[in-house]
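One structure is given here, and the rest of the page talks about it.
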Amino acid sequence: INSGTTSINVSGLAPPGVLDFGSSTFQNTGSLYLYSTSPGVSSVTISGNSLINQGIISTVLPSTLDIAGAISSLSLVLNATNFIVNHGQISSSGNLTAIAGTAIVNALPAGVTGPAPVMSAAGDLNLLAANITNSAGILSALNNINVSTTFASNLNIYNVNGVVQAVNAINIRDQAFAGKFNTSITGGDVLAQVLNLNTGDGIADISVARLTPELSIYCGEALINASN
């Protein structure tokens, strides 16, 4: 558990760029800032059984933390065997990738009020899990949001009161996907220049508040409803 304000030069880790908690759960209630002073270490991975963030995990350094030689873009990978839960802020100055065996949750705990959680990346934001819950913000400032599963399965995105927004495209699965698995997006805003969704021969079920006006959908059956 990290409960204070901690900064780590990930290029000095062994192996470089890896924080591996094995079968343990990593819980952060403080502020964890990660940086690299080596151009050869442009990504950091935090892995464990489950990852729970109630504070800040970021490769975006605050102005109060002046690190000589820190590279400007450091990608962040979160890799959990079980689940990833974010009640705070997770941000990357490069790409942000979250991989979970069961679920990714970006939301405040039930009954709790406070600042809305945020998962954000300057570059691509990649989510890999069969079940994704977002009641806050999932944002790519300069590029795409890419969503898929860690294995062939249905994909459920519960986005009630949430915003999923990319400056370019939101890509749900990739063009090579050919299975018969369903994809559902429920609630909230899904905003980008284009939504590319491929669910093979399965059902694409989209029912949201606001939806990007350009859609490219490959599926066996499409059910689309947007309030805007």
- Message: Taking the side chain as everything from C-beta on, heavy atoms only, tell me whether Asn86 gets closer than 4.5 Å to Ile104.
- Response: no
- request: Would you please say whether a donor-acceptor pair under 3.5 Å links the side chains of Asn82 and Asn49?
  value: no
### Connected via hydrophobic side-chain network under 4.5 Å: Leu78 and Leu19
yes
Query - More than 12 heavy atoms from other groups under 6.0 Å of OH on Tyr158 - result: no
Side chain to side chain donor-acceptor pair (under 3.5 Å) pairs touching residues 10-19, sequence neighbours excluded, are Asn9-Ser11, Ser11-Thr37
I want to check something: taking the side chain as every heavy atom from C-beta on, are Ile170 and Leu197 in contact at a cut-off of under 4.5 Å? no
Exercise. Please indicate whether Phe21 has more than 12 foreign heavy atoms, meaning atoms of other residues, nucleotides or ligands, lying under 6.0 Å from its CZ.
Key: yes
Same apolar cluster (I L V M F W Y, side chains within < 4.5 Å links), Ile157/Val190
yes
Notebook entry, point to check: Is there a side-chain contact (heavy atoms from CB on, under 4.5 Å) between Thr59 and Val44 once you walk through the steps?
Noted result: CA-CA 9 Å; Thr59 63; Val44 55; 4.0 Å; yes
> Taking a hydrophobic cluster as the set of Ile, Leu, Val, Met, Phe, Trp and Tyr residues connected by side-chain heavy atoms closer than 4.5 Å, whether directly or through intermediates, do Leu155 and Ile99 fall within one such cluster?
Replying inline: no
Result for side chain to side chain donor-acceptor pair (under 3.5 Å) between Asn126 and one of Thr97, Asn95, Asn171 points to Thr97
Pair Thr183-Thr199, side-chain donor/acceptor within less than 3.5 Å: yes
